[in-house]
Amino acid sequence: MSGYLRRLATTGAAYTAASVLSKLIAVALLPLYTRYLAPADYGAAEVLFAAVVAASIVIRLGVIEAVLRFYYKAGEDPARVVATSFAALFWLATAAALIALPFAEPISEALLDQPAADLVRISIGGLWVLTLHEYLLTLFRLEERARPFFLVTIAIVLVAIALTVVLVVGEGEGARGLLLGSYASGAAFVLGLIVIHRRLLSLRLDRPLLRRMMRFGLPTMPAELSLYMLNFVDRIIIVRAAGLAEAGLYSLAVKFAQAVNVLVRGFQLAWPPLAYSIRDDDEARRAYAAVVTWFVAGCAFVVTGMWLLSRWIVRALAAPEFFDSYEAIGLIATGVTLYAVYMVLLVVLGRTGRTEFNLPAAIAALIANVALNLILVPPLGIVGAGIALVASYLVVVAVMYGFTQRLFAVPYEWGRLARIVLVSAALVGFGELLLPSDGLGGLIARAALWLTYPIVLLLSGFFTVSERRYLARLRRPRPLLTDLRRLRDRPAEVDGQVPEAYEAGLMDEDFRV
């Protein structure tokens, strides 16, 4: 079991490392951006960024999701899967962009409540870029080639940020600069990746293969869109009910909540290839349960920090007119963690091939989200949107859990999960009710409380006996002679690899989940 956790951590860490560095750079530039952008300009750009992602989900028609499954599927040729899926996405993205361009102005009025055809035209070009960019990076994930994924992702981020700074700060382009900086640099890298992968790609479709892929992937598209709309429809409602400036505050809160999104993004990239590669069903059930427990524990630590320290984060990294964005940071971070739990359940559906069950779950969540936003945003603003986000993710997780347990029952560790939730909620409640909300003293007190999370989790009985023994060994330095003896007794490598049975036994002894 620990082997899967280690493999997930290794690939996830590589994917997350790229995301961490990019997010750190982006957050470090927020003091600059928020001083050169009004909340309304920032809100307009972020609404269009979200709209591009939503439109990309539609035109992908579940092809990327199908690639992740069919590449490993017995009886399918991986090379044909890659070539056909690229051809499908290229023609779909190109057609969608050409169809949307004449409608730029009405689209801007629908999304932004004001005419801004130039911003929408840039975003339509971004739709083509984003769709192919996501696919070309997926090629690295298929073979778990984390290093090139890391290098390419970091290069894209650095170039995009440099261009955005020039356009926003140097040229005063505002929202236009944010959009151009992201999509113009992305277009250059998309073309470069096409050249790099040119031997694998094709513009010709294998229609029988594509039909098989679509039968699997297409049912995931409406569900994925419905779920993403939870992160999009709230901004549209905020724009209509409270204005673009309030949408800018909410978008900034989403940006700050990316501290937990970094973990979720790495998990989202690393989890499906690992989960689908586990052939034995019983082994998969145990692995899925262990992954959920430990991933939720890690996310809860970050979410607790987001709740307790949100005021100081915003004061340090944003202009004063953006300060009220702190109110939604903890709620959004909680919602992002629930999304990660949903990802586990989605893979369970993918394993069974019953992806059609994802749609009713996502629609139920979307209906709840729209209803709650309409009720809560007018009186509560971005806090109401945050509450609606958390509630709607709870809905989708609950419905998906009901479906998946009937199809592929997983023995989730409910006692340990309950301890995680109770510890995190208790620390946040204590901090909000009893500790100062400003000043250096408040910061130190809340940070100290946050860092007690693993200790309180330990005292709650979360860790198993074997896990406590493992932690005790980590704290106790081991004599060099002991290490040498263990190395001497280690079986010889065969073809450069340690026998799998020995490695599994050693890890089970040290860290049994």
Side-chain angles (χ1 to χ4, degrees), residues 20 23-24 27 30 230-231 234 246 249-265 267 293-318 322-342 369 372 376-377 380-394 397 416-460 462:
V20 167
K23 297 297 188 297
L24 285 175
V27 169
L30 282 177
L230 304 184
N231 300 286
D234 51 6
E246 195 77 2
L249 296 180
Y250 187 74
S251 297
L252 192 65
V254 172
K255 195 76 69 177
F256 285 127
Q258 286 179 348
V260 67
N261 194 41
V262 163
L263 293 176
V264 172
R265 178 62 172 168
F267 178 81
T293 298
W294 280 99
F295 185 74
V296 171
C299 285
F301 176 66
V302 180
V303 170
T304 302
M306 291 289 97
W307 275 97
L308 293 172
L309 305 176
S310 58
R311 295 172 179 85
W312 288 268
I313 293 170
V314 177
R315 286 193 185 101
L317 296 171
F322 286 86
F323 176 69
D324 287 344
S325 63
Y326 85 88
E327 297 176 341
I329 290 176
L331 288 164
I332 295 171
T334 303
V336 172
T337 299
L338 290 171
Y339 172 76
V341 176
Y342 158 80
N369 186 258
L372 289 172
L376 297 176
V377 168
L380 299 177
I382 63 174
V383 173
I387 295 171
L389 183 69
V390 171
S392 54
Y393 274 127
L394 285 172
V397 166
R416 305 178 80 195
L417 291 170
R419 287 179 174 87
I420 295 169
V421 174
L422 291 174
V423 167
S424 183
L427 292 177
V428 170
F430 182 88
E432 290 296 316
L433 293 174
L434 301 176
L435 296 182
S437 59
D438 56 12
L440 180 60
L443 173 61
I444 294 173
R446 286 174 176 244
L449 178 65
W450 172 43
L451 295 176
T452 65
Y453 171 87
I455 299 172
V456 178
L457 202 60
L458 176 64
L459 296 175
S460 74
F462 170 79

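From a predicted model like this one, the values you see are computed outputs, not experimental measurements.
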[atom1]/[X] to [atom2]/[Y] distance, rounded to the nearest 0.5 angstrom?
X      : Y      : atom1 : atom2 : answer
Tyr339 : Cys299 : OH    : SG    : 12.5 Å
Leu451 : Leu308 : CG    : CG    : 10.0 Å
Leu338 : Ser392 : CG    : OG    : 9.0 Å
Leu435 : Leu443 : CG    : CG    : 11.5 Å

When you compare the side chain of [Y] with that of [X], does any pair of heavy atoms fall below 4.5 Å?
X      : Y      : value
Ile332 : Phe256 : no
Arg446 : Trp312 : yes
Leu331 : Leu389 : no

* **Residue pair Tyr393, Asn369: steps toward the side-chain contact (heavy atoms from CB on, under 4.5 Å) verdict** => CA-CA 9 Å; Tyr393 274 127; Asn369 186 258; over 6 Å; no
* List the steps and the verdict of ring-ring contact (aromatic ring centres under 6.0 Å, His included) for Phe462 and Trp294. => CA-CA 11 Å; Phe462 170 79; Trp294 280 99; 5.6 Å; yes
Is the backbone N or O of [Y] less than 3.5 Å from a side-chain atom of [X], with the two atoms forming a donor-acceptor pair by type?
X      : Y      : value
Ser424 : Val421 : no
Thr304 : Ala300 : yes
Trp307 : Gly330 : yes
Arg416 : Ala297 : no

* In plain terms, say whether Arg311 and Glu327 are close enough for a salt bridge, that is, a side-chain N and a carboxylate O under 4.0 Å apart. => no
* In terms of ring plane angle, is the pair Tyr453 and Phe301 parallel, tilted or perpendicular, where the classes change at 30° and 60°? -> tilted
* To do: Show your working on side-chain contact (heavy atoms from CB on, under 4.5 Å) between Ile387 and Leu372 and close with a plain yes or no.
  => CA-CA 8 Å; Ile387 295 171; Leu372 289 172; over 6 Å; no
[X] to [Y] - nearest heavy-atom pair and separation:
X      : Y      : answer
Leu427 : Leu449 : O-CD2, 3.3 Å
Arg419 : Leu457 : O-CD1, 4.1 Å
Ala447 : Leu309 : N-CD2, 3.9 Å
Val303 : Ala333 : CG2-O, 3.6 Å
Leu417 : Thr293 : CD2-CA, 3.9 Å
Ala328 : Ile382 : CB-O, 3.8 Å

* To do: Assess whether side-chain contact (heavy atoms from CB on, under 4.5 Å) is satisfied between Met306 and Ile313, documenting all intermediate values.
  => CA-CA 9 Å; Met306 291 289 97; Ile313 293 170; 3.6 Å; yes
* Identify which one of Leu249, Leu252, Val314 satisfies the side-chain contact (heavy atoms from CB on, under 4.5 Å) criterion when paired with Asp324. => Leu249
